[in-house]
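Residue numbers count from 1 along this sequence.
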Amino acid sequence: QVQLVESGGGLVQAGGSLRLSCTASASGRPFSRYGMGWFRQAPGNEREFVAAISWSGDSTSYADSVKGRFTISRDNGKKTMDLQMNSLQPEDTAVYSCAASTLLRPTKYYNYDYWGQGTQVTVSS
């Protein structure tokens with residue numbers, strides 16, 4: 001099992017950047033054997049897949065809406081996962097959550113077993 005805590009959210013103007021971090025505390029199954037992902041949910045919207053990264057970090061996937069602007073990464077030694085968000089737009093405003101899955105390359109919300117509490121990202125125009 002794994003416990004996840006997000007950090008790095010905040011207020012940024014359109015065109016700016018933020019870097020979100022997810023710190024994991026894993027027991028039993030090592031962190032390197034969790035596929036990791038980021039999701040977001042804006043008020044009135046369903047939870048949306050943002051990005052995912054495989055066990056070793058050699059495979060990534062992105063939602064079309066963020067591809068080219070966001071970069072997901074992980075450090076299995078530090079047990080962290082980051083989301084670098086560039087060229088932020090007001091439509092990116094949401095609560096961002098990190099999640100862990102036992103699957104190698106999870107992309108769907110139901111593929112994930114563990115979730116963080118989320119961190120608010122607000123992009124002003």
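- Considering every non-hydrogen atom in both Ala100 and Val2, the closest pair reads CB-CG1, 3.7 Å.
- Contact record, Arg69 with Ser87: NH1-O, 3.0 Å, taken as the closest heavy-atom pair.
- At a threshold of 4.5 Å between non-hydrogen side-chain atoms, the residues Phe70 and Leu88 count as touching.
- Of all the heavy atoms in Glu6 and Cys98, the pair that sits closest is OE2-N, 2.9 Å.
- Residues Met36 and Ile72 form no side-chain contact, since every pair of their non-hydrogen atoms from C-beta on lies 4.5 Å or further apart.
- By the 6.0 Å contact criterion, CD on Gln13 is open, its count of non-hydrogen atoms from other residues, nucleotides or ligands being 12 or less.
- Taken together through direct or relayed side-chain contacts under 4.5 Å among Ile, Leu, Val, Met, Phe, Trp and Tyr, Val12 and Trp38 form part of one hydrophobic cluster.
- When each of Trp115, Tyr96, Tyr110 is checked for a ring pair (Phe, Tyr, Trp, His ring centres under 6.0 Å) with Phe39, only Trp115 meets the rule.
- No side-chain donor-acceptor contact under 3.5 Å links Asn111 and Thr107.
- Checked by atom type and distance alone, the side chain of Arg29 pairs as donor or acceptor with a backbone atom of Thr102 at under 3.5 Å.
- Atoms OG and CG, from Ser7 and Leu20 in turn, are 8.0 Å apart once rounded to the nearest 0.5 Å.
- Here the closest non-hydrogen pair linking Ala24 and Leu4 is CB-CD2, 3.7 Å.
- Distance check: Asp82 CG to Ser73 OG gives 4.5 Å after rounding to the nearest 0.5 Å.
- Figure legend: cation-pi geometry between Arg74 and Tyr34 absent, as NZ or CZ is not positioned both under 6.0 Å from the six-membered ring centre and within 45° of its axis.
- Checked by atom type, the side-chain pair Asn86/Gln84 shows a donor-acceptor distance below 3.5 Å.
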Take Arg40 and Leu83 through the test side chain to side chain contact (heavy atoms under 4.5 Å, CB included) and record every step on the way to the result. CA-CA 12 Å; Arg40 66 187 183 185; Leu83 183 69; over 6 Å; no

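- Here the CD1 atom belonging to Ile53 is positioned 11.5 Å from the CZ atom belonging to Arg105, to the nearest 0.5 angstrom.
- No single ILVMFWY cluster, assembled from side-chain heavy atoms under 4.5 Å apart, contains both Tyr114 and Leu103.
- When the shell of 6.0 Å around CD of Gln1 is examined, it contains 12 or fewer heavy atoms from other residues, nucleotides or ligands.
- In this structure, Pro106 and Tyr112 approach most closely via the heavy-atom pair O-OH, 2.8 Å.
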Using atom types as modelled, flag every donor-acceptor pair under 3.5 Å from a side chain in residues 117-125 to any protein atom, sequence neighbours excluded.
residue, atom, partner, partner atom, Å
Thr119, OG1, Gly9, N, 3.3
Gln120, NE2, Ala94, O, 3.4
Gln120, NE2, Thr122, OG1, 3.3

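- With contacts defined as side-chain heavy-atom distances shorter than 4.5 Å, the pair Ser65/Glu91 does not qualify.
- The shortest non-hydrogen separation linking Asn76 to Trp55 is ND2-O, 3.0 Å.
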